[in-house]
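The structure follows.
Counting starts at 1 for both ligands and their atoms, in listed order.
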Amino acid sequence: MTREKPKNLWLSRWGFILAATGSAVGLGNIWKFPYITGEYGGGAFVLMYLACILAIGIPVMMTEIALGRRGRGSPIDAIGRVVRENGGNPAWKAVGGMAMLAGFLILCFYVVVAGWAFAYTWKMLDGSLAAPSVEALGAVFEAHNASPLQLGGWSVLVALLTLLIVGKGVQAGVERAFRWMMPGLAVMLLALVGYAWTNGSFGRGVAFLFSFDASRLTGEAFLAALGHAFFTLSLASGAILTYGSYIPDGQSIARTTFIVAIADTCVALLAGLAIFPVIFANGMDPSAGPGLIFMSLPLAFQQMPFGTLFGVLFFAMVSVAALTSAISMIEAVVAYLNEKYGISRPRAAFGAGSVLLVISLSAMLSFNVGADWKLFGMTLFDGLDYLTSRWMMPLGGILMAVLAGYCLRGEILREELGLSPAGHALWLFMVRYVSPVLILMVFLHALGWLGFDPLARWYWIAGAIGVLAVAGELFRPRGLKAQARV
Ligand code: PFF
């Protein structure tokens with residue numbers, strides 16, 4: 001069996017871990033997690049999110065990394081090679097194509113949010129956030145969004161920085177940036193949690209995040225939690241697969257995945273613990289929506305000693321975290337254009353960047369002149385988020401799980417994953433039965449084709465997984481026997 005030779009590799013053993021954590025930790029953790037947790041009512045949502053990370057996110061992430069390293073290339077090429085090695089259907093390459101498209105479309109709205117973080121670093125400095133109340137800060141946020149010039153200018157700045165770095169090649173730059181950025185962000189968040197502990201309504205914040213109200217366990221919230229699990233771990237969007245293709249042979253994929261997933265989850269929970277106590281202490285509504293952190297945190301910065309310095313550093317860290325995620329979203333496209341058509345990285349970044357600028361500037365208009373341009377009741381900004389998180393990423397995840405669980409010869413991924421027999425059996429069970437059934441149920445519910453809420457009848461779903469697992473093991477095609485013999 002011939003294996004594809006790697007063209008690019010991470011500089012050190014920590015290279016992938018740093019870069020993948022950099023991709024995973026971003027606005028999803030600090031901006032999106034708190035605001036959707038607020039919208040879906042707290043503890044029940046957090047529980048579903050954690051369950052999705054464990055049952056679906058981690059197995060799918062391992063699969064993606066294994067596919068990337070085995071195929072050594074951008075998503076389309078890597079999946080194509082792995083499938084070819086198995087004599088499988090080349091149509092699977094479409095899954096790689098969809099992942100790349102998802103990453104690119106996410107970037108189109110992500111640069112707008114990252115632009116908020118950049119702008120707020122500046123606003124902390126120039127004093128425009130010295131507003132006395134949540135309402136006043138809300139007005140600052142609205143005024144910022146109402147100006148296409150401001151909002152567009154910051155979005156363009158983020159897009160250009162991203163393209164510049166990706167054009168140069170991610171390995172050296174990203175690895176180096178990460179060595180100081182991740183610890184810095186962790187220290188900032190811990191200090192903010194410390195502040196919330198002593199000055200905010202910490203008890204209420206904790207209760208909101210972790211107390212569990214069964215009536216909030218709904219299929220709709222589960223779909224949001226599932227989509228967010230994919231979003232926050234950068235799954236099925238090309239990033240992890242492409243970064244995985246730069247991992248040297250012999251590095252443990254499982255250990256790496258766990259480190260990334262745990263770091264990502266800790267940052268999200270810390271962000272929640274830092275933000276909700278401040279929100280409750282200031283009588284703010286936790287379901288305030290996308291502006292949540294931009295309206296609440298500046299208030300905390302005003303009240304704490306050295307608050308301005310702290311606030312500047314905090315928003316600067318968030319901006320860097322956003323940038324490292326943004327870079328990973330377009331890396332797959334640039335790697336693909338470079339490998340497939342021999343286009344140099346800077347040119348590929350420039351080409352993809354032109355399309356990016358057009359779409360992201362249109363998405364930016366959703367906050368001002370285009371607020372009423374709606375399709376299916378959504379602005380372009382909301383639509384891009386909805387399409388990618390709720391549909392494209394979970395669909396990509398289900399397809400990768402099915403590819404790995406049913407369609408590839410067992411020994412290939414066993415070799416790549418290098419798990420213990422029990423670990424491999426567990427991974428296989430997850431990608432064969434648990435992930436596809438759960439994702440499918442959630443899809444059917446979202447489409448209105450499931451007459452009941454899947455979470456209200458969770459025992460049906462557990463039963464379906466059990467029956468499928470037994471039937472699958474009894475009637476497994478011959479080629480797959482080898483994979484189960486662990
Ligand atoms: N994981 C990133 C975050 O939580 O901010 C978002 C993301 C990065 C999504 C890269 C998709 C991707 F390919």
Fill in the blank from the handout: for atom 4 (O) of ligand 1, nearest protein heavy atom and its distance come out as Ala24 O, 2.9 Å
Practice task
Pull out every atom of ligand 1 sitting under 4.0 Å from any heavy atom of Ile106, numbered as shown with elements.
Solution key: 11 (C)
Practice task
Just jot down the ligand 1 atoms closer than 4.0 angstrom to any heavy atom of Leu27, in number order.
Solution key: 5 (O)
Handout entry: Validation row, ring centre Phe16 to ring centre Tyr243 under 6.0 Å
Key = no
Practice task
Determine whether any heavy atom of Ser328 lies closer than 4.0 Å to an atom of ligand 1.
Solution key: yes
Practice task
Please report which non-hydrogen protein atom sits nearest to atom 2 (C) of ligand 1, along with the residue it belongs to and the distance in Å to one decimal place.
Solution key: Ser23 O, 3.2 Å
Fill in the blank from the handout: Nearest non-hydrogen protein atom to atom 12 (C) of ligand 1, with distance, is Ser237 OG, 3.4 Å
Exercise for the section: State which residue, out of Phe314, Trp31, Tyr120, fulfils the ring pair (Phe, Tyr, Trp, His ring centres under 6.0 Å) condition with Phe294. Expected result: Tyr120
Handout entry: Sub-6.0 Å ring centroid separation between Phe367 and Phe381
Key = yes
Exercise for the section: Considering only non-hydrogen protein atoms, determine which one is nearest to atom 8 (C) of ligand 1 and report residue, atom name and distance to 0.1 Å. Expected result: Ser234 OG, 3.2 Å
Exercise for the section: Say whether Gly238 and ligand 1 are in contact under the criterion: heavy-atom distance to a ligand atom below 4.0 Å. Expected result: no
Problem - Gly28-ligand 1 polar pair, N/O distance under 3.5 Å - result: yes
Completion exercise
Quick look: Phe231 vs ligand 1, heavy-atom contacts under 4.0 Å, and the answer is both
Exercise for the section: Determine, for Phe45 and Arg216, whether the Lys NZ or Arg CZ falls below 6.0 Å from the six-membered ring centre while staying within 45 degrees of the axis. Expected result: no
Practice task
With sequence neighbours left out, write down each residue that passes side-chain hydrogen bond (donor to acceptor under 3.5 Å, both in side chains) with Tyr195, or none if nothing qualifies.
Solution key: Gln303
Problem - SB check Lys93 Asp77 (cutoff 4.0 Å) - result: no
Exercise for the section: Please identify each residue that fulfils salt bridge (charged side-chain N to carboxylate O under 4.0 Å, His left out) with Asp264, with sequence neighbours left out. Expected result: none
Problem - Close approach, Tyr110 and ligand 1, non-hydrogen under 4.0 angstrom - result: yes
